[in-house]
Amino acid sequence: MPHFTMEYSANLDSVVDFDGLCKAVHETIMASGLFELGAVRVRALRAEAYAVADLLPENGFIDMSFRVGKGRSDDEKRQTGEAIFATVTQFLAPQFETPHFALTLEIREIDPDLSWKKNAIHPRLRQKTQ
């Protein structure tokens with residue numbers, strides 16, 4: 001159950017291809033070999049209202065959260081986080097050429113006792129791999 005969410009400042013709409021970025025992150029997550037295809041979710045959520053640092057209107061951010069189910073070691077989570085961060089950093093290289101951009105990533109492990117799931121995608125994809 002890997003769920004990857006990017007919350008971003010609305011002023012990045014015109015300078016970042018979020019569809020392309022979501023696909024690049026999805027590809028990196030799948031390349032880790034730790035997650036089943038039918039479980040991966042990657043999304044970008046636009047923040048209309050925000051206040052960043054010294055409040056300059058050109059200040060922007062992307063705050064990334066990667067929620068994963070139990071079963072991966074700390075080292076596996078760290079390696080996956082480093083790979084995702086490298087992918088995103090490379091994708092967003094032009095943003096780092098300005099002094100107005102901040103990027104963060106946090107990985108959280110989902111408590112299985114407090115998480116409910118129902119997924120009709122898994123059976124369809126599992127049939128294709130048999």
Side-chain angles (χ1 to χ4, degrees):
M1 170 170 176
H3 283 250
F4 187 92
T5 305
M6 290 178 270
E7 182 181 355
Y8 69 93
S9 55
N11 64 342
L12 296 177
D13 274 339
S14 64
V15 295
V16 175
D17 171 11
F18 282 99
D19 187 52
L21 182 54
C22 285
K23 289 175 181 168
V25 170
H26 185 281
E27 188 176 297
T28 302
I29 291 169
M30 290 309 302
S32 73
L34 297 174
F35 306 100
E36 190 173 356
L37 179 60
V40 177
R41 314 281 187 277
V42 179
R43 55 193 166 267
L45 307 173
R46 183 179 200 255
E48 292 284 337
Y50 55 92
V52 179
D54 57 355
L55 303 180
L56 291 175
E58 57 269 31
N59 289 346
F61 72 89
I62 298 177
D63 176 44
M64 303 178 294
S65 173
F66 191 36
R67 297 182 304 125
V68 300
K70 283 194 179 272
R72 284 111 194 143
S73 70
D74 286 346
D75 194 46
E76 289 171 324
K77 288 182 283 192
R78 186 176 304 104
Q79 287 176 9
T80 304
E82 288 171 357
I84 291 168
F85 202 80
T87 293
V88 174
T89 299
Q90 181 177 355
F91 194 96
L92 298 172
Q95 298 311 306
F96 289 104
E97 293 174 6
T98 75
H100 302 286
F101 181 66
L103 179 67
T104 57
L105 169 62
E106 178 185 16
I107 297 177
R108 294 183 221 145
E109 193 167 81
I110 300 165
D111 183 336
D113 294 331
L114 300 174
S115 177
W116 296 261
K117 301 169 205 62
K118 186 170 184 173
N119 184 337
I121 298 171
H122 274 309
R124 176 178 53 84
L125 293 177
R126 287 175 181 156
Q127 286 178 356
K128 287 183 177 184
T129 61
Q130 293 178 358

Nearest-0.5 Å distance that lies between atom [atom1] in [X] and atom [atom2] in [Y]:
{"X": "Leu45", "Y": "Ile62", "atom1": "CG", "atom2": "CD1", "result": "11.5 Å"}
{"X": "Phe35", "Y": "Glu76", "atom1": "CZ", "atom2": "CD", "result": "8.5 Å"}
{"X": "Tyr50", "Y": "Leu55", "atom1": "OH", "atom2": "CG", "result": "11.0 Å"}
{"X": "Met6", "Y": "Leu103", "atom1": "CE", "atom2": "CG", "result": "10.0 Å"}
{"X": "Thr87", "Y": "Glu27", "atom1": "OG1", "atom2": "CD", "result": "8.0 Å"}
{"X": "Arg126", "Y": "Leu37", "atom1": "CZ", "atom2": "CG", "result": "11.0 Å"}

Taking all atoms of both residues into account, what is the closest heavy-atom pair of [X] and [Y], and its distance?
{"X": "Val40", "Y": "Val42", "result": "CG1-CG2, 4.1 Å"}
{"X": "Leu105", "Y": "Gly81", "result": "CD2-O, 3.5 Å"}
{"X": "Phe91", "Y": "Ala24", "result": "CD1-CB, 4.3 Å"}
{"X": "Ala44", "Y": "Phe18", "result": "CB-CD2, 4.0 Å"}
{"X": "Gly69", "Y": "Ile110", "result": "N-CD1, 4.3 Å"}

**Message:** Under a 3.5 Å distance rule, please check whether Asn59 uses its side chain to pair with a backbone N or O of Ala53 as donor and acceptor.
**Reply:**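 Checked: no pair found.
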**Prompt:** Would a distance-only check, ignoring hydrogens and angles, find a side-chain to backbone donor-acceptor pair under 3.5 Å from Ser115 to Asp111?
**Reply:**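 Side chain of Ser115 to backbone of Asp111: no pair is present.
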**Asked** Do any pairs count as a ring pair (Phe, Tyr, Trp, His ring centres under 6.0 Å) and have a residue in residues 96-119, sequence neighbours left out, and if so which ones?
**Response**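 Checked against ring pair (Phe, Tyr, Trp, His ring centres under 6.0 Å) - neighbours excluded - the pairs reaching residues 96-119 are Phe96-Phe101.
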**Asked** Of all residues at least two apart in sequence or in a different chain, which pass the side chain to side chain contact (heavy atoms under 4.5 Å, CB included) check with Ala47?
**Response**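 Only Glu7, Phe61 meet the side chain to side chain contact (heavy atoms under 4.5 Å, CB included) criterion with Ala47.
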**Listed partners of Ile107 passing side chain to side chain contact (heavy atoms under 4.5 Å, CB included), at least two apart** =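 Side chain to side chain contact (heavy atoms under 4.5 Å, CB included) check on Ile107 returns Phe66, Val68, Lys77.
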**Prompt:** Does CD in Glu109 sit with more than 12 non-hydrogen atoms of other residues, nucleotides or ligands closer than 6.0 Å?
**Reply:**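 Enclosed: over 12 neighbouring heavy atoms sit under 6.0 Å from CD of Glu109.
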**Message:** Quick one, Val16 with Leu21, criterion side chain to side chain contact (heavy atoms under 4.5 Å, CB included). Give me CA distance, side-chain angles, the key distance, then yes/no.
**Reply:** CA-CA 8 Å; Val16 175; Leu21 182 54; 4.3 Å; yes
**Message:** Could you see if Leu34 belongs to whatever hydrophobic cluster contains Phe85? Use Ile, Leu, Val, Met, Phe, Trp, Tyr and a side-chain cutoff under 4.5 Å.
**Reply:**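 Result: yes, single cluster for both.
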**Message:** Any non-hydrogen side-chain atom of Leu12 less than 4.5 Å from a side-chain atom of Gln95?
**Reply:**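 With C-beta onward as the side chain, the pair touches.
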**Message:** Can you confirm whether the side chains of Asn11 and Ser9 place a donor and an acceptor under 3.5 Å from each other?
**Reply:**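 Ser9 and Asn11 do have a side-chain donor-acceptor pair below 3.5 Å.
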